[in-house]
2 protein chains.
Amino acid sequence: MARTTGSDGEKTEAAVREAAVGLIARLGYEAMSMRQLAAEVGVQAAALYRYFPTKEDLLFTLMREHMEGLLEAWNAARPAAAEPAARLAAYVENHIAFHIARRHATHVSNMELRSLSPERLTRILKLRTAYEKELRAILRDGAEAGIFKIDDVGLTAMALIQMMTGVIVWFRPGERLSIAEVTATYLSMTMRLVGAKIDAHSAARRHAKDAVAF
Amino acid sequence: MARTTGSDGEKTEAAVREAAVGLIARLGYEAMSMRQLAAEVGVQAAALYRYFPTKEDLLFTLMREHMEGLLEAWNAARPAAAEPAARLAAYVENHIAFHIARRHATHVSNMELRSLSPERLTRILKLRTAYEKELRAILRDGAEAGIFKIDDVGLTAMALIQMMTGVIVWFRPGERLSIAEVTATYLSMTMRLVGAKIDAHSAARRHAKDAVAF
DNA sequence: GAATTAATAAAACAAACGTTCAATTAATTC
DNA sequence: GAATTAATTGAACGTTTGTTTTATTAATTC
């Protein structure tokens with residue numbers, strides 16, 4: 001056989017992307033074979049090479065689009081020129097919402113960096129650094145304004161990002177906590193961690209107060 | 001050729017373990033070949049099978065010993081029956097010291113879980129859960145005593161562990177910050193995050209005050 | 001409806017993989 | 001110093017890997 005009835009390049013490519021994110025997140029990039037991926041899509045392995053010249057190209061595409069999406073989401077969500085506490089709250093909310101919504105893709109972007117060629121690794125890391133820089137700027141502004149109490153801006157930024165991204169490790173939609181509850185609790189922890197003076201977060205917590213429990 | 005002069009089973013096995021931790025941390029378990037590992041040790045691939053019956057046995061051994069070592073380290077470091085704040089400080093200090101000292105092994109234990117068989121995965125996760133349970137107990141005691149201000153004990157425990165373990169991602173020995181400085185800053189962030197009332201941490205920070213900088 | 005383009009299958013490729021086996025030599029025991 | 005045990009090599013096994021090539025069919029264009 002050859003071309004199948006109803007076959008459509010765009011749809012197939014989208015199906016490949018989706019299946020690849022799921023398989024790589026579950027099995028790991030190295031452990032996923034192109035035949036396995038093809039079977040998941042319902043196609044022969046050779047057909048994949050019409051859309052991605054190599055396996056690594058596929059991985060890189062997934063990662064790049066994920067990181068670009070993260071930056072775009074932040075650029076859309078960032079407050080115009082607000083005070084540091086509100087900006088930090090927006091950053092936390094955007095980060096958690098984005099990462100929970102794209103758990104698998106985040107897994108891939110964080111875990112499979114070592115499978116990229118040096119040049120491509122650099123490109124992904126640049127995007128990541130640009131994103132982290134936004135957080136550092138917020139923390140610095142807040143510290144200089146005396147609103148935050150921070151020992152080391154760089155270190156605090158890394159700690160916050162690790163803490164927030166860690167959500168994807170244990171969070172499962174539809175279990176004990178809702179996304180709103182998780183977000184509210186993380187926002188509260190973040191504000192305490194940076195020693196926020198004004199309770200800019202208590203306002204944000206108001207509409208998710210039932211989250212408080214242990 | 002066959003047995004080489006000066007060859008010693010114990011030394012070879014130790015060399016295999018060490019090389020494997022380094023290679024798996026750098027390349028990933030699936031990406032590391034047994035031939036590559038053997039070359040690093042200075043031996044033929046077949047020789048590895050004298051010490052580990054399969055590649056997965058090797059991975060499991062590394063992970064199990066790492067997790068057991070973590071629990072042993074905490075059992076040796078835990079205060080007898082102190083107040084929650086001091087216990088939490090001890091937990092944080094032990095966690096960071098252990099993970100920085102064994103960065104590569106931690107990387108392996110955290111990233112390669114999916115390469116284990118279901119039964120072995122369960123065994124490793126049991127060890128991890130036991131370790132996390134210790135932190136939850138401290139947080140619960142502190143919250144009940146009114147010393148900590150915590151919304152959700154389970155969620156806070158996960159957030160703290162993710163935050164602390166994240167150190168191994170960016171920390172490089174001999175760079176800007178010393179281990180003592182990093183530990184002091186993380187301890188301070190932890191105490192703020194859990195809303196510690198009494199400044200039990202300020203005492204611990206006293207002997208690493210120069211860490212404060214950004 | 002013929003010609004062209006798009007999308008796929010089927011088969012094959014060399015290379016690399018984890019692992020096994022038999023042979024061989026060093027170290028140890030008696 | 002002969003016999004035994006410990007440690008390793010070198011070659012081979014069957015599979016699986018990512019990828020390429022060629023042929024074939026569906027959809028589109030003219």
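Every chain is numbered from 1 and lettered A, B, ... according to where its sequence line falls, protein lines coming before strand lines. Everything numeric in this text was worked out from a predicted model, so none of it was measured.
The shortest distance between the side-chain N/O atoms of B:Thr12 and the OP1/OP2 oxygens of D:dT8 is below 4.0 Å. Of the side-chain N and O atoms in B:Tyr51, one or more sit less than 4.0 angstrom from OP1 or OP2 of D:dT8. Between B:Gln44 and D:dT8, a side-chain N or O to OP1/OP2 separation shorter than 4.0 Å is absent.
Distance alone, capped at 3.5 Å, is enough to place a donor-acceptor pair between the B:Arg114 side chain and the A:Ala25 backbone. For the pair B:Lys55 (side chain) and B:Ser33 (backbone), a donor-acceptor distance under 3.5 Å is absent. Remark: the backbone N or O of B:Ser178 is paired with a side-chain donor or acceptor of B:Glu181 at under 3.5 angstrom.
In this structure, A:Lys55 atom NZ and D:dG18 atom C1' are separated by 8 Å, rounded to whole Å. One interatomic measurement links the two molecules: OH of B:Tyr49 to C1' of C:dC21, which rounds to 14 Å at whole-angstrom precision. Summarising the geometry, the separation between CG on B:Leu59 and C1' on C:dT19 is reported as 17 Å, rounded to the nearest angstrom. For the pair A:Gln36 CD and D:dG18 P, the interatomic distance rounds to 9 Å; values are reported in whole Å. Taking atom NZ on B:Lys11 and atom P on C:dA27, their separation rounds to 12 Å, with Å as the unit. Distance CG (A:Asp57) to C1' (D:dG18): 13 Å, rounded to an integer number of Å. One can place CZ of A:Arg50 at 15 Å from P of D:dT21, the figure rounded to the nearest angstrom. What separates CZ of B:Phe52 from C1' of D:dT8 is a distance of 16 Å, to the nearest Å.
In this structure, A:Arg35 and A:Ala47 both approach DNA chain C, and ranking their closest nucleotides by distance from the 5' end singles out A:Ala47. Mapping A:Thr54 and B:Gly42 onto DNA chain D via the closest heavy atom, the residue that lands nearer the 5' end is B:Gly42.
Taking the centre of each ring, A:Phe52 and A:Phe60 stay at or above the 6.0 Å mark. A centroid separation of 6.0 Å or more is found between the aromatic rings of A:Tyr131 and A:Trp74.
Between B:Glu65 and B:Arg17 there is a salt bridge, since at least one side-chain N of the basic residue sits less than 4.0 Å from a carboxylate O of the acidic one.
Checking C:dT8, C:dG18, D:dA27 against every side-chain atom of B:Met34, the shortest atom distance belongs to C:dG18. The nucleotide whose nearest atom lies closest to any side-chain atom of A:Ser33 is, among D:dT17, D:dA27, C:dT19, D:dT17. For A:Ala2, whose side chain is taken as the heavy atoms from C-beta onward, the closest listed nucleotide among D:dA7, D:dG18, D:dT24 is D:dT24. Residue A:Ala46 has its side chain nearest to C:dA10 when only C:dA7, D:dT8, C:dA10 are considered.
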Secondary structure of DNA chain D in dot-bracket form (Watson-Crick or G-U wobble, distances below 3.5 Å, | marking inter-strand pairs):
||||||||||||||||||||||||||||||

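For the pair A:Glu56 and A:Leu116, the minimum side-chain heavy-atom distance is below 4.5 Å.
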